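A short write-up of the structure that comes next.
Letters go in sequence order (proteins before strands), and every chain restarts at 1. Just so you know, these numbers come straight off a predicted model, no measurement behind them.
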Amino acid sequence: MKGKSNSKTKKNLILQFYHTLYREFGKQNWWPADAPFEVIIGAILTQNTSWNNVKKAIENLKKNDFIDAKKLFQLDTEKLKELIRPAGFFNQKAKTIKNFLTFLFSNYDGNLNNLLNEEDDTLRYKLLHIKGIGKETADSIILYAAGKPAFVIDKYTKRIFIRHNIINNQDIEYDELQKIIQNNIPKKTELYNEYHALLVKVGKELCKTKPLCWKCPLNIFLMRKYRHFFSKK
DNA sequence: ACCCAGGTGGCCC
DNA sequence: GGGCCACATGGG
């Protein structure tokens, strides 16, 4: 009884929060890439790295026509490192990209669609077994490359949800937060897509120095919108 | 001279 | 199952 009403409140809040962001900032048209393969490369390169740096690495690859599974698979690893250097962590990211390609070519004959057409749980399981691909990267690939509903949890998601009392546990695990969100909003790719993109947008554009501190315009704006949720104990 | 970025894996207890 | 740590570039 009590649990039910809590979960209903939470559902309303999580959905309301999304609608508020969407009304304010609009459609984000994610992922910023031309094709699924580019999404995957970008998802690996952006691990703990600003997108601004990733863009440079992607540009280097594009200039040399390496946004292509077969060409990238054949590219010498040391050359790959040089091209992706601006994205940082280039040694391990080059290995991760090679690990992914080795997996793709040994199990799917290099055919990306065959991999992405796997059922979503299978796809997640397989991606997580590639060294260098963790939960966030796997879910980003499932959502933005395969177009299947997997809600992506990142630092911003956690921080924003904690700051706005949508969750209380500071140390909440990836899977747990993902489950809470997925259980409380419709399981729609388009919704997952926009929601995560909006969280990243507000996380990165409105709180440069101290992410999401209470002096940030975003939080002042949201507190005004959500006063009625917080005033009730 | 710091701190942070759309994480991940390894090692230690 | 936690608590550290390395990984590396570029911007504020």
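Distances shorter than 4.0 Å separate none of the side-chain N or O atoms of A:Ser50 from OP1 or OP2 on B:dC4. The side chain of A:Lys135 contributes no N or O atom lying less than 4.0 Å from OP1 or OP2 of B:dG7. Between C:dT9 and A:Lys81, no contact under 4.0 Å exists linking OP1 or OP2 to a side-chain N or O. Using a 4.0 Å cut-off, no side-chain N or O of A:Asn52 falls inside it from OP1 or OP2 of B:dA5. In terms of phosphate contacts, A:Arg85 brings no side-chain nitrogen or oxygen within less than 4.0 Å of OP1 or OP2 of C:dC7.
Separating the NZ atom of A:Lys158 from the P atom of B:dG7 is a distance of 10 Å, rounded to the nearest angstrom. Here C:dC7 presents its P atom at 19 Å from CG of A:Leu45, a figure rounded to the nearest Å. Distance, A:Tyr174 OH to C:dG1 P: 17 Å, rounded to whole Å. Look at CD1 on A:Ile44: it is 17 Å from C1' on C:dA8, rounded to the nearest Å. In this structure, A:Leu80 places its CG atom 13 Å from P of C:dA8, rounding to the nearest Å. Remark: C1' of B:dG9 and NZ of A:Lys93 are 14 Å apart, rounded to the nearest angstrom. Per the geometry, CD belonging to A:Gln47 stands 20 Å off P belonging to B:dC4, to the nearest Å. A:Asn53 places its CG atom 10 Å from the C1' atom of C:dA8, with the value rounded to the nearest Å.
Within 4.0 Å of A:Ser140, counting heavy atoms only, lies no atom of the nucleic acid at all. Using a 4.0 Å heavy-atom criterion, one finds that A:Phe90 contacts the sugar-phosphate atoms exclusively. Contacts of A:Asn91 with the nucleic acid, taken as non-hydrogen atoms under 4.0 Å apart, involve only primed sugar atoms and P, OP1 or OP2. When heavy atoms are screened at a 4.0 angstrom cut-off, A:Ile130 is found touching the sugar-phosphate backbone but no base atom. A:Ile133 comes within 4.0 angstrom of sugar-phosphate atoms only, judged by non-hydrogen atoms across all strands, and of no base.
Remark: the separation of the P atoms in C:dG10 and B:dT8 is 22 Å, to the nearest Å. Look at the P atom in both B:dC4 and C:dC5: the space between them is 15 Å, to the nearest Å. Look at the P atom in both C:dA6 and B:dC3: the space between them is 15 Å, to the nearest Å.
Within a 6.0 Å radius of NZ in A:Lys131, other residues, nucleotides and ligands contribute 12 heavy atoms or fewer.
No side-chain donor from either of A:Asn99 and A:Thr96 sits under 3.5 Å from a side-chain acceptor of the other. Of the N and O atoms on the side chains of A:Gln178 and A:Asp139, at least one donor lies less than 3.5 Å from an acceptor on the other residue. No donor-acceptor contact under 3.5 angstrom links the side chains of A:Asn113 and A:Tyr108, judged on distance only.
For the pair A:Pro86 and A:Glu173, both in contact range of DNA chain C, the more 5′-proximal nearest nucleotide belongs to A:Glu173. Judged by closest nucleotide on DNA chain B, A:Glu136 is the one of A:Glu136 and A:Lys131 placed further toward the 5' end.
Between A:Phe161 and A:Tyr195, the ring-plane angle classifies as tilted under the 30° and 60° cut-offs.
Smallest separation of non-hydrogen atoms from A:Phe151 and A:Gln182: N-OE1, 2.9 Å.
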